[in-house]
Number of protein chains: 2
Amino acid sequence: MRRGLEFKKKARIIIVDDNYDHLSGIKELIEIESDFDVVATATSASVAISLIKKYRPEIVLMDINMPEKDGLTAIAEIEKLDLGVRTIALTGYDDPDLIFRAMKIGAKGYILKTMASAQLIYAIDEVANGKIYLPATLSSRFFEYFQKSFKEENQTVVDEDNLLNYLTQREEEVLDLLTQGITYKGVAQKLFISETTVKTHVNNIFQKLQVNDRTQAVLYALNNGFLNRRKVKIAI
Amino acid sequence: MRRGLEFKKKARIIIVDDNYDHLSGIKELIEIESDFDVVATATSASVAISLIKKYRPEIVLMDINMPEKDGLTAIAEIEKLDLGVRTIALTGYDDPDLIFRAMKIGAKGYILKTMASAQLIYAIDEVANGKIYLPATLSSRFFEYFQKSFKEENQTVVDEDNLLNYLTQREEEVLDLLTQGITYKGVAQKLFISETTVKTHVNNIFQKLQVNDRTQAVLYALNNGFLNRRKVKIAI
DNA sequence: GAATTTATAGACCGGATGGACTAGATAGCG
DNA sequence: CGCTATCTAGTCCATCCGGTCTATAAATTC
């Protein structure tokens, strides 16, 4: 909408697939069924990256299942180049972990090879227009995986027989300051209590967390979600 | 498909919205346009939770923007109950952060009030069938936010003027052991060097990281992705 | 070959930390 | 009221830690 120039500009595409038959199949499909311009193809990730540097396409269709350098690593590298190239992962598997990793490293779309050709064209269109596109089915699978991982994280962090639960409020305050790398004297000043009191609290903390020194206490606190406790309640 | 019983079973729904007009509007819409069964409605989150415990619906439509207890907190609580209730967030805002937080805490869908009624019915249908549903537009926004957060994470962790980069290999080994809560004597034994050597290394580490003690050094290391350095390369 | 960096190690010192006790004040519970 | 938990504070003592300075061998760089 900004300028007339951008409007009818064909998106330029590079296709990467180690299987040459698939490659030419997809190429033909795109050339016949759509308005996009396939400027190059590659059967390996390393060649693809050279081509991308050379042609600076808008879109890259990347097969994930390739020998040698796999597609995910390739996508990560492309993202690191930061050329504004938008990559769509293309694969036969709808494994949630694969989808998650692809989206995490910056893929702008994820399409199954078994999907209808119209879907592929649509995906390219959406991605070329700056959107991120996941078909509803895959999106659903992604979110299941996404939510499961968060659920597990919350459980291990919040629940369980977390020794942090045995700390009194004052002890938590002291530990909180310790996790900021503050010395006993500093803690005493901040809490307006004597240094010996701090030491008493600290020793009790050691007992309860079953550790021997500050560093271990701090590490225990960090590894067991001490800092997250408040956030969980306030932020969500 | 499994049994005749499950096939035509109407999904039972509870609707929550602090605005009574919206509430009845949505209720009517669902009753007229779909086959679902609105078993109850509520204008506050706390009432809603009681009703959910009582009626055990399959689906809850939850308005996010409510005074008192907000919808996100309510969704989190419902998820904690673990009753198998599937919640769909319903709101006027397509703020990516809101979408992200809703999906993170376990919402099974996210619909804008401005969307067509057919979309709402479709969403309920999908969610009732065990899927997670985000309209393509919102899904796209979610992923932008999702990828941005990962990109930032990687940048702050890997690059930048990270003082950890100035450490020698030996110093890194020492720091690594310190981040495990090991004492100087222990480090000396593990590395087969004298304790005074460890102290020398540690003092150099303090200088380079510009900190004053072990705890601060460990905290610096953890906050600046010391442990991730290896993982970043292996995992992806 | 001289200069620099890194890893090693020692001495000395003072302050910080941790362990083991004791103990008073306060608040809550049965 | 007595019991318990919590917060407070103290003493004594041994050890650990951090600061500073010096020094040697090996490796690297110039």
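Computed from heavy atoms alone, side chains included, the values below leave out hydrogens, waters and symmetry copies. Chain naming here is simple, since letters A, B, ... match the order of the sequence lines and numbering starts at 1 in each.
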Within the 3.5 Å criterion, strictly below it, is a donor on D97(B) or Y145(B) matched to an acceptor on the partner's side chain? yes
Between atom CD in Q169(A) and atom C1' in dT6(D), what is the gap in whole Å? 11 Å
From NZ of K185(B) across to C1' of dT17(C) the rounded distance in Å is 14 Å
Shorter than 3.5 Å, N or O on both sides, protein versus nucleotides 24-30 of chain C: list them out with atom names.
none

pair V38(B)-I15(B): side-chain heavy atoms closer than 4.5 Å: yes
Scan residues 207-219 of chain A against DNA chain C and write down, sorted by residue number, each residue with any heavy atom closer than 4.0 Å; if none is found, say none. N212(A), D213(A), R214(A)
Does T43(B) form a side chain to side chain donor-acceptor pair (under 3.5 Å) with D18(B)? I'd like the steps, not just the answer. CA-CA 4 Å; T43(B) 53; D18(B) 63 320; over 6 Å; no
Report the C-alpha distance between E58(B) and R86(B) in whole Å, list the side-chain angles of each, state the deciding distance to 0.1 Å, and finish with yes or no for salt bridge (charged side-chain N to carboxylate O under 4.0 Å, His left out). CA-CA 6 Å; E58(B) 278 79 45; R86(B) 301 174 72 79; over 6 Å; no
Length of the line joining L178(B):CG and dC17(D):C1', which is rounded to integer Å: 11 Å
Evaluate the ring planes of F142(B) and F146(B), with Trp represented by its six-membered ring, and classify them as parallel (under 30°), tilted (30 to 60°) or perpendicular (over 60°). parallel
Measure CG/L167(B) against P/dA7(C) and give the value in whole Å, please. 10 Å
Strictly distance-based, threshold 3.5 Å: is any side-chain N or O of E171(A) a donor or acceptor partner for the main-chain N or O of T168(A)? yes
Criterion side chain to side chain contact (heavy atoms under 4.5 Å, CB included) against H22(A), the qualifying member of L90(A), D17(A), D63(A): D17(A)
dist I26(B):CD1 -> L61(B):CG (nearest 0.5 Å) comes out at 6.5 Å
Mark yes when over 12 heavy atoms from residues, nucleotides or ligands other than K113(B) sit less than 6.0 Å from its NZ; otherwise mark no. yes
Side chains of H201(A) and I193(A), heavy atoms from C-beta outward: is any pair under 4.5 Å? yes
Determine: side-chain N/O of T168(B) to OP1/OP2 of dT5(C), distance under 4.0 Å, yes or no. no
Specify the residues of residues 186-205 of chain B, ordered by number, for which at least one heavy atom lies under 4.0 angstrom from an atom of DNA chain D. K199(B), N203(B)
Decide whether T200(B) and T197(B) meet the rule of one side-chain donor and one side-chain acceptor closer than 3.5 Å. no
